Enquirer: 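Below is a structure I'd like to ask you about.
Treat the numbers as computed from the prediction; the structure is a model and nothing was measured.
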Amino acid sequence: MTDTLPPYLSILNPEQREAVLHNRGSLLILAGAGSGKTRVITTKIAYLIRERGIHPYTILAVTFTNKAAREMAERAAAIDSRAGSAMLRTFHSFGAWFLRRNAKLAGLNPSFTIYDDDDMVSLLSLLAPEKPKADIKVIAHQISRAKDYFLGPADPELKSINHRKDFQKIYTRYEERLAEIGNVDFGDLIKKPVDILRSNPSFAEDFRSRFKVIMIDEYQDTNVAQFTLLKELCGPETYVCVVGDDDQSIYRFRGAEVRNILEFPNRFPNTDVIRLERNYRSTSAILQVASSVVDNNTGRLGKTLLAERGAGKIPVLAFLPNQDEETAFAAQLIENSVHPGAGNRTHDGIKEQKEKALYSDWAILYRTNAQSLGFETELLRRHIPYRVIGSLKFYEREEIKDALALLTFLVNPRDEISFRRVVNKPARGIGEATVSRVLAEAIDGDISAAARRLSAVLPAKARAGLTVFVEALDAGYSALAYPVIETPERTRAKDAHAARKDGKEAKADKKRDIVAGEGLSLCVATLIRNTGIASYHLTHDEIAGNQRIANLQELANAASLYPATADGLLEFLEHIELDRSMEDQDTDINAVTLITLHNTKGLEFKRVIITGVEQGIFPRDDKKEEDMEEERRLFYVGVTRAMDELYLSSCAVRRVFGQTMPMEPSLFLSEINMSALRIIGKPPYGFSAKRTPHKNKAKGVKSAGGREWRVGDRVFNDDNGYGYVKEIRDHATGDILYIQFDTGKELSFLSNYHSSKLMRIDEQ
């Protein structure tokens, strides 16, 4: 049959092909880790266009990162170039696209900007100045979660987020002030399109005819609001296809709701479920460890991963005395693999590797960021290069946020938060009284126009400072072809700025200033330079100043890809707000990766070390029921990042809150069949785990007293402590039980005579 198919379909395995060709009802593609889901999605988009005659304009594909969206678009277009015309976006990018084109229906100006978490905190601080900053951050987070669950200030269910009445009041004031400013936050990008569709039935009916096919990637990560948006976008004829893995739903703390994928077949009629269970990333030995833990979850649809790469090396479980030995163990593994035969010492039970590896083959995974310090210290000491994923992102740096606030204020002169952040930075004599007067004078909320008027009448010091700020804005405006929100005040200001110029542009010192390039970069560089932000960061921190200038220059470089227009500036800001995943580090360098388990989603490494596999660390002690199931899914995600080799480490003691505390092995280790692991080091006293029957004696045997023994039974002996039945052998006088004690001692007992000396643990 495959001979009659086009090449792009014939290379798919049977389950992948079935998912691509499916065209009735709705479809849930349950895609296990490493099962090639991206190939399925991109091929399906091309297939619908190429073979089914679906116009690309009517296809909407949604994922969670711009990088994933770009990859999907490129791979689909490689099969059929028309796929490049389909709409492939993130949820928030789609929401922004929808709102800008239907802004009036939401009471917005199309030039709105998008508030991030810090902007939310700044606005809430103004609304509730009596509250400490820490409390404000919690409230900001809770408002975001409320919007994830599609809850407004008046919803009775809001008490499930925060039951206090003042939370509802603050949430209400926040929404009112945000509307007055004319901006939105990330939650609004999903919530407001739903409000528009629900409030305008005729518009909604017309809009639903736009998309005949809606596909959603990583569906297990969707929240309630995103599910609600999906339902509102679907008409009676819409073909819905979602792709995800219930075993990889690990973002509940961000609002992700695993029930969306578990209940999809019940919420969408005539749903077919296709499982992609062939794993092309990991070996079967690694997958066995992952599955043995996640199989203990009850909230899952269920699947069995099959390794296409064969058995592979048995994963290693290392029991180590303390976290210092843990870091040394990890570093030694890496050194041995990168420099085989160099005389490196080996850990007990781990032989020096013969094949030479790269540092970038290795990833050290941990549950919390705080665990990285010890590994960083050890790797530095040994001169092993490394990179830490999850540190401060480029667009979250202070100097970059200052520059973005200036650009945002250019776009939206009603933005109080951006105005407050930069009007007196660097300090230019503009105090709170002056700021309050400017805001009070803002007619129709236009802060920029009020600042221009007052810059001529304020006391000398404030007047001088405000004049510098206004002139810097004028310079920014003059660098734009600005047709969108032109005002008489701005026109006069631009003319005045042009008149003041004497034709002599300051030459930038490339090492100490911002150099303008093409397109929008002239506006960015001019604004940063003229407001004094560049010189402020250069002199404010002598050590980091040059790097901050370099970061600001990089921002100007990025802006050069956009046209020097108001629309170009809007597009640039929107891109930044919707894709803040750029990190100030090279992802292609040959270095060990240090990364939290949550950040590993979508990544893969040849060799993985999962550290801190101890109760209270992973899983955390406060995890119960649904939270514990998510912790198991997190373990599953971490394990399935490994392609060739997997190591788990568990410490007997660990420094916690400045004290050395005894630790217990993780619950997850007791859920793994020990035949799937090679144990090195000394298991702690009382460690219990699942064990498969030994090949010498699969069936249980009975002692003379009628007690039945099986390989793997956990036992206790008064003289030797805890152990387990390692082996059972036939003997003329009765079966011999070989007991492996936790102390390392191995003793034999005749079942007919000595079993009374052994207490089976499940009998206590």
Side-chain angles (χ1 to χ4, degrees), residues 38 41-42 44-45 48 54-74 76 83-106 108 110-116 144 147-148 150 183-200 203-204 206-235 238-244 251 254-257 260 567 570-581:
T38 303
I41 297 170
T42 54
K44 190 172 182 69
I45 293 171
L48 290 170
I54 302 296
H55 196 288
Y57 178 81
T58 66
I59 297 176
L60 170 63
V62 182
T63 187
F64 277 82
T65 67
N66 282 334
K67 179 181 178 182
R70 287 192 296 268
E71 181 183 358
M72 287 167 57
E74 291 168 0
S85 299
M87 183 175 287
L88 280 74
R89 290 180 175 266
T90 67
F91 264 108
H92 290 107
S93 174
F94 172 79
W97 172 87
F98 181 96
L99 283 180
R100 293 207 189 279
R101 283 150 186 79
N102 305 285
K104 289 185 178 180
L105 295 177
L108 293 169
S111 63
F112 66 80
T113 53
I114 304 164
Y115 274 8
D116 65 9
S144 295
K147 292 188 177 185
D148 288 341
F150 208 78
N183 284 343
V184 300
D185 58 27
F186 274 89
D188 290 330
L189 296 179
I190 308 301
K191 193 172 184 296
K192 286 189 180 295
V194 174
D195 292 336
I196 290 174
L197 292 169
R198 287 181 172 178
S199 302
N200 301 273
F203 167 81
D206 291 340
F207 189 84
R208 290 183 186 117
S209 65
R210 160 75 191 269
F211 298 113
K212 300 185 183 303
V213 175
I214 298 179
M215 303 177 66
I216 299 183
D217 186 23
E218 303 288 3
Y219 189 68
Q220 78 281 346
D221 293 334
T222 56
N223 58 41
V224 171
Q226 289 161 343
F227 165 76
T228 306
L229 176 60
L230 171 62
K231 290 290 287 185
E232 291 298 327
L233 291 173
C234 291
T238 307
Y239 174 72
V240 181
C241 170
V242 301
V243 187
Y251 298 125
R254 295 181 188 167
E257 183 52 73
N260 286 351
D567 288 340
L570 273 173
E571 185 182 357
F572 179 54
L573 291 172
E574 184 173 304
H575 167 79
I576 290 171
E577 292 301 331
L578 296 177
D579 186 16
R580 310 190 89 176
S581 61

Enquirer: State the CG-CG distance between Leu197 and Leu229, to the nearest 0.5 angstrom.
Expert: 7.0 Å
Enquirer: From Asn66 CG over to His575 NE2, what is the distance, rounded to the nearest 0.5 angstrom?
Expert: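 It is 6.5 Å, given to the nearest 0.5 Å.
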Enquirer: If you define the side chain from C-beta out and look only at heavy atoms, does anything of Asp185 sit under 4.5 Å from Ser144?
Expert: no
Enquirer: I need the Ile196 CD1 to Lys104 NZ distance, nearest 0.5 Å.
Expert: 13.0 Å
Enquirer: To the nearest 0.5 Å, how far apart are CD in Glu71 and OG1 in Thr65?
Expert: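 Here the interatomic distance stands at 8.5 Å.
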Enquirer: So which heavy atom on Met72 is nearest to which on Thr42, and how close?
Expert: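 Here Met72 and Thr42 meet closest at O-CG2, 3.3 Å.
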Enquirer: Within a strict 4.5 Å, meaning less than it, do heavy atoms of the Asp116 and Phe186 side chains meet?
Expert: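 A side-chain contact exists here, since the closest heavy-atom pair is under 4.5 Å.
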Enquirer: For Phe203, is there any backbone N or O sitting under 3.5 Å from a side-chain donor or acceptor partner on Asp206?
Expert: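 Not a single qualifying donor-acceptor pair exists.
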Enquirer: So do Arg198 and Thr228 actually touch side chain to side chain, heavy atoms under 4.5 Å?
Expert: yes
Enquirer: Please name the pair of heavy atoms, one in Asp221 and one in Gln226, separated by the smallest distance, quoted to 0.1 Å.
Expert: O-OE1, 4.0 Å
Enquirer: List the steps, then state whether side-chain contact (heavy atoms from CB on, under 4.5 Å) holds for Thr238 with Leu233.
Expert: CA-CA 9 Å; Thr238 307; Leu233 291 173; over 6 Å; no
Enquirer: For a 4.5 angstrom cut-off between non-hydrogen side-chain atoms, does Lys192 reach Leu108?
Expert: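 Yes, at least one pair of side-chain atoms sits under 4.5 Å.
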Enquirer: For the pair Asn183 (side chain) and Thr113 (backbone), establish whether a donor and an acceptor sit closer than 3.5 Å, ignoring hydrogens and angles.
Expert: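 Between the backbone of Thr113 and the side chain of Asn183 there is a qualifying donor-acceptor contact (under 3.5 Å).
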Enquirer: Of all the heavy-atom pairs spanning Pro193 and Asp188, show the shortest one and how long it is.
Expert: CD-O, 3.4 Å
Enquirer: Near Tyr57 OH, under 6.0 Å, is it more than 12 heavy atoms from other residues, nucleotides or ligands?
Expert: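 Not more than 12 within 6.0 Å, no.
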Enquirer: Using modelled atom types only, decide if a donor and an acceptor are shared between the side chain of Asn260 and the backbone of Asn223 within a distance under 3.5 Å.
Expert: yes
Enquirer: Just verifying a value: how many Å separate Leu48 CG and Ile54 CD1, rounded to the nearest 0.5 Å?
Expert: 6.0 Å
Enquirer: Any idea which heavy atoms bring Ala61 and Ile45 closest together, and the distance?
Expert: CB-CD1, 4.0 Å
Enquirer: Let's go through Leu570 and Ser111 carefully: what are the C-alpha distance in whole Å and the side-chain angles of both, what is the deciding distance for side-chain contact (heavy atoms from CB on, under 4.5 Å) to 0.1 Å, and is it a yes or a no?
Expert: CA-CA 7 Å; Leu570 273 173; Ser111 63; 4.0 Å; yes
Enquirer: Looking at Tyr239, does the NZ or CZ of Lys212 lie under 6.0 angstrom from its six-membered ring centre and within 45 degrees of the ring axis?
Expert: no
Enquirer: Check the pair Thr222 / Val242 against side-chain contact (heavy atoms from CB on, under 4.5 Å), numbers first and verdict last.
Expert: CA-CA 11 Å; Thr222 56; Val242 301; over 6 Å; no
Enquirer: Hey, what do you get for SG (Cys241) to CD1 (Ile216), rounding to the nearest 0.5 Å?
Expert: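 One gets 9.5 Å once the value is rounded to the nearest 0.5 Å.
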Enquirer: Would you mind writing out the side-chain donor-acceptor pairs for residues 91-101 within the sub-3.5 Å range, not counting sequence neighbours?
Expert:
| unit_1 | atom_1 | unit_2 | atom_2 | d |
| --- | --- | --- | --- | --- |
| Ser93 | OG | Arg89 | NH1 | 2.8 |
| Arg100 | NE | Glu574 | OE1 | 2.6 |
| Arg100 | NH1 | Pro110 | O | 2.6 |
| Arg100 | NH1 | Phe112 | O | 2.8 |
| Arg100 | NH2 | Phe112 | O | 3.1 |
| Arg100 | NH2 | Glu574 | OE1 | 3.2 |
| Arg101 | NH1 | Trp97 | O | 3.1 |

Enquirer: List the steps and the verdict of side-chain contact (heavy atoms from CB on, under 4.5 Å) for Phe211 and Val240.
Expert: CA-CA 10 Å; Phe211 298 113; Val240 181; over 6 Å; no
